[in-house]
Amino acid sequence: MASLLDALNPEQLAAVTLPHQHALVLAGAGSGKTRVLTTRIAWLIRTGSVSPHGIIAVTFTNKAAREMLTRIGAMLPISTRGMWVGTFHGLCNRLLRAHHREAKLPSTFQILDSQDQLALVKRVMKAMHVDEDRYPPRQVMSFIAGAKEEGRRPRDVETYDELSRRAHEVYAAYDEQCQKEGVADFAELLLRCHELLAHNEPLRSHYQSRFRHVLVDEFQDTNRLQYRWLKLLAGPDTAIFAVGDDDQSIYAFRGANVGNMEDFRRDFHVENIVRLEQNYRSHGHILDAANALIGHNRKRLGKNLWTSAGEGELLRVYEAQSDGYEANFVVEEINALVRDGFARRDMAVLYRSNAQSRVLEHALFSQGIPYRVYGGLRFFERQEIKHALAYLRLIANPEDDGAFLRVVNFPTRGIGARSIESLQDAARAHGATLWHAATTLTGKSATSVGAFVRLIGEMRVATAGLSLAETVEHVIEKSGLVAHYRKEKDGAERVENLQELVNAAAAFTADDANAALSAATVASAATVGDGDPAPADPLSAFLAHAALESGDNQAGEGADAVQLMTVHSAKGLEFHAVFITGLEEGLFPHESSVTEDDGLEEERRLMYVAITRARTRLYLTFSQTRMLHGQTRYAVASRFLDELPKEALRWVTPRLAYDVRPGRLDDRAWSAAQPPARYAARVADKAGLPFRIGQNVMHPKFGQGVIVSAEGSGPEARVQINFGRQGMKWLQLEYAKLTAA
DNA sequence: AATCCGTCTATTTTT
DNA sequence: TAGACGGATT
């Protein structure tokens with residue numbers, strides 16, 4: 001026991017050994033959050049206060065769930081089987097599979113990923129003759145997802161405008177269609193599971209008494225429905241152990257509700273609140289900067305990180321003339337760091353939006369520096385994989401219209417738009433699925449649709465006795481997918497991926513299926529049965545796995561490469577050296593955040609997350625000009641730079657030839673941008689304005705700004721000025737009292 | 001059925 | 001700027 005708790009600091013120890021009561025752990029960045037969570041679980045089991053069977057631990061990502069399992073496994077001699085550790089969606093899926101009848105789902109129900117979901121929304125809208133231009137499917141989809149995340153079915157939804165009224169109608173039809181096809185989108189997993197527990201008292205009390213400990217990771221990221229789900233799961237003898245950091249809440253845009261932390265405290269009368277403030281990651285100046293920055297936020301539970309590691313290096317600030325120069329600076333510094341013996345994989349270049357990666361990649365590539373870009377297409381999202389999965393889905397559940405449409409004519413088998421349309425008409429007329437229409441209409445006839453129906457039928461028969469891997473192998477061959485991609489000129493990689501899918505299926509049977517599906521069933525004589533099912537249908541399980549865990553996005557995990565990613569995806573990671581790039585008003589903080597409620601505070605939290613990724617060295621860079629949407633934009637430095645303590649910063653921009661302002665290294669003049677002369681000259685000639693684009697100006701009301709663009713001439717002339725935190729303004733030159741600054 | 005071309009759009013993302 | 005998408009063309 002001692003060894004388990006040995007290396008914990010007093011706060012961590014307090015959290016780990018809390019009594020069997022609800023608790024909220026405010027875990028600052030780098031404060032050993034995962035360690036506390038996993039040690040808590042190990043401690044509970046070791047002290048015999050609960051069996052693995054009585055624990056459920058919820059995370060947001062599969063990665064976090066895996067990490068937790070690995071670490072628990074390392075701490076405990078016993079098997080972690082029987083313990084429910086997973087994502088909200090994964091755990092709900094498990095419950096729904098186990099109780100599919102009560103949840104009114106077929107045992108083989110399929111999970112729609114966002115791609116599938118959007119396709120279904122479009123299909124429903126088309127059937128309803130809803131104008132896609134007036135009601136963009138994406139917006140309708142997020143309306144539906146948003147409603148579900150609030151726990152609302154169509155009958156509970158309030159509409160407020162034209163779009164929401166129409167979206168509401170689509171929602172109703174969409175839900176009906178999902179039910180007909182036996183498919184569930186991501187939000188549906190949670191909502192359906194919530195309803196299952198809410199409406200089925202025996203089931204609810206069964207799980208409530210089973211799970212004596214509910215542990216939640218990243219609690220600040222939970223949405224309303226997830227919180228309600230947790231509340232349902234917690235019975236009178238359940239203790240919820242929630243770990244989170246309100247300062248790292250950066251997912252409000254997808255429904256995360258930090259307010260859940262306050263609500264939790266109130267709803268559960270939480271008395272045990274532990275703050276983990278000792279940071280084991282970053283040096284002093286970095287933490288000073290992080291603390292000072294986040295101190296500008298009003299809405300906080302309050303926390304101050306400290307370290308015993310010493311002050312360390314100053315943060316290096318660099319102002320570039322253009323995004324290209326900024327990238328070059330980053331590359332030079334990376335080269336220098338490599339020369340000093342640091343691993344590239346221990347350096348990260350962060351940016352606010354993905355579009356910024358291009359210039360950086362270009363610079364890295366031309367210098368021959370290996371790099372890896374996070375994000376992008378994941379394995380199970382690839383076209384060829386989705387196609388193969390669609391065949392598999394049809395074998396498991398032919399009513400799946402999405403899967404049907406995806407492959408009915410792929411590879412092409414002479415089923416054109418008109419035959420598909422007549423199928424859709426028939427299906428609609430009978431209120432049935434496409435499969436139903438196809439089988440009843442064409443029956444055993446010699447039409448191409450009939451041939452497709454037979455193909456699927458044959459596949460189902462042929463794979464009935466096969467292993468999962470053999471099934472996949474059979475399907476990718478017999479469907480003609482492999483042959484099709486062999487013929488295609490750039491198909492080699494796709495064929496490889498299909499082969500990789502077979503491997504994934506083989507691996508799945510070995511590990512995941514057992515871990516996920518046949519976890520120890522501690523005999524529950526309960527009438528209810530337990531969510532530890534006998535490995536029901538391996539194919540459905542594999543398909544669920546494919547939807548819930550979309551796989552890695554890139555190969556080359558092991559390579560020593562510089563890591564490029566958005567600040568969002570850097571959350572939870574740490575690096576020796578971190579570059580935060582594009583620190584400009586309008587970009588970071590992003591311009592669309594100023595109109596959102598609490599948008600700026602969320603941007604600031606994002607910056608806080610970015611800063612706290614760095615262990616020893618942190619670069620903050622921005623550029624005077626940036627190519628955005630095909631246009632050069634002039635920008636001023638991000639206000640976040642002003643919010644950092646000067647004592648922690650070291651200005652590293654070399655004095656530029658054109659820049660002769662005195663004392664610029666010391667005073668705040670650098671926060672106004674000076675564009676390269678060549679841009680200014682060209683535009684000034686053309687527009688004939690007294691002011692140049694890129695020029696710094698002073699306005700009596702708005703203060704200092706930079707001219708971003710101009711239009712018109714003479715008395716009509718107007719200029720657009722970026723006043724930094726005052727925002728972007730169009731001013732008529734004739735009236736605006738502008739002076740050169 | 002495949003390819004081409006014009007139009008549109010552009011924050012962040014996991015499941 | 002560049003990628004995605006939809007419609008039209010070959």
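On a predicted model such as this, the values are computed, not experimentally measured, just so you know.
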Just checking A/F88: base, sugar-phosphate only, or nothing, at a heavy-atom cut-off of under 4.0 Å?
nothing

DNA chain B: A/S593 or A/G414, which has the more 5' nearest nucleotide?
A/G414

Nearest-nucleotide pick for A/H590, side chain only, options being B/dA1, C/dT1, B/dT11
B/dT11

Between B/dA1, B/dT13, B/dT15, which nucleotide gets closest to the side-chain atoms of A/N354?
B/dT13

pi-stack flag for A/H89 and B/dT15, centroid dist under 5.5 Å, interplanar under 30°
no

So, do A/F88 and A/T222 sit near enough that their side-chain heavy atoms are less than 4.5 Å apart?
yes

Using whole Å, what does the distance between atom P of nucleotide B/dT12 and atom OH of A/Y608 come to?
24 Å

Among B/dT13, B/dT15, B/dA1, which nucleotide sits nearest the side chain of A/R378?
B/dT15

Using a 4.0 Å heavy-atom cut-off across all strands, classify A/S592 as base, sugar-phosphate, or nothing.
base

If you look at every strand shown and take non-hydrogen atoms under 4.0 Å, does A/K122 touch a base, only sugar-phosphate, or nothing?
sugar-phosphate

Of A/E603 and A/I415, whose nearest nucleotide on DNA chain B comes first from the 5' end?
A/I415

Flag for A/Y485-A/E384: side-chain donor and acceptor within less than 3.5 Å
no

Starting at atom CD of A/E67, determine the distance to atom C1' of B/dT14, rounded to an integer number of angstrom.
17 Å

What contact category does A/Q117 fall into here, base, sugar-phosphate, or nothing, at under 4.0 angstrom with non-hydrogen atoms?
nothing

Under the criteria of a ring-centre distance below 5.5 Å and an interplanar angle below 30°, is A/F253 stacked with the base of B/dT12?
yes

If you check the A/H629 side chain, which of B/dT11, B/dT15, B/dT13 turns out closest?
B/dT11

Given atom CD of A/E132 and atom C1' of B/dT7, what is their separation to the nearest angstrom?
16 Å

Which is true for A/N409 with a 4.0 Å heavy-atom rule: it touches a base, it touches only sugar-phosphate, or it touches nothing?
sugar-phosphate

Presence of donor-acceptor pair under 3.5 Å, side chain of A/S114 and base of B/dT15:
yes

Salt bridge flag under 4.0 Å for residues A/E585 and A/R626:
no

I'd like to know if the side chain of A/H387 reaches the main chain of A/L481, judged simply by a donor and an acceptor atom lying under 3.5 Å from each other, with no hydrogens or angles considered.
no

With rounding to the closest Å, how many angstrom separate the P atoms on B/dT13 and C/dA4?
16 Å

C1' spacing across the pair C/dG6 / B/dT11, given as an integer number of angstrom:
25 Å

Distance-only polar pair, side chains of A/D185 and A/Y174, donor-acceptor under 3.5 Å:
yes

Nearest whole angstrom, please: distance from the C1' of B/dT15 to the CG of A/L118.
16 Å

How close or far is atom C1' of B/dT14 from atom NZ of A/K148, stated in whole angstroms?
17 Å

Whole Å only: how far is the CG atom of A/L377 from the P atom of B/dT14?
13 Å

Please determine, by modelled atom types, if A/T70 and A/E67 share a side-chain donor-acceptor pair under 3.5 angstrom.
no

Considering every strand and a 4.0 Å limit on heavy-atom distances, what is the contact class for A/D113: base, sugar-phosphate, or nothing?
nothing

Using the six-membered ring of A/Y374, assess whether NZ or CZ of A/R372 lies under 6.0 Å from its centre and within 45 degrees of the ring axis.
yes

For A/R358 and C/dA2, is the shortest distance between a side-chain N/O and OP1 or OP2 below 4.0 Å?
yes

Can you see if the side chain of A/N62 gets near the phosphate of B/dT15 - specifically, an N or O under 4.0 Å from OP1 or OP2?
yes

Whole angstroms only, please: what is the CZ-C1' distance between A/R138 and B/dT13?
13 Å

Nearest to side-chain heavy atoms of A/T566, which nucleotide of B/dT12, B/dT15, B/dA2
B/dT12

Could you give the CE-to-P distance, from A/M125 to C/dG6, as a whole number of Å?
12 Å

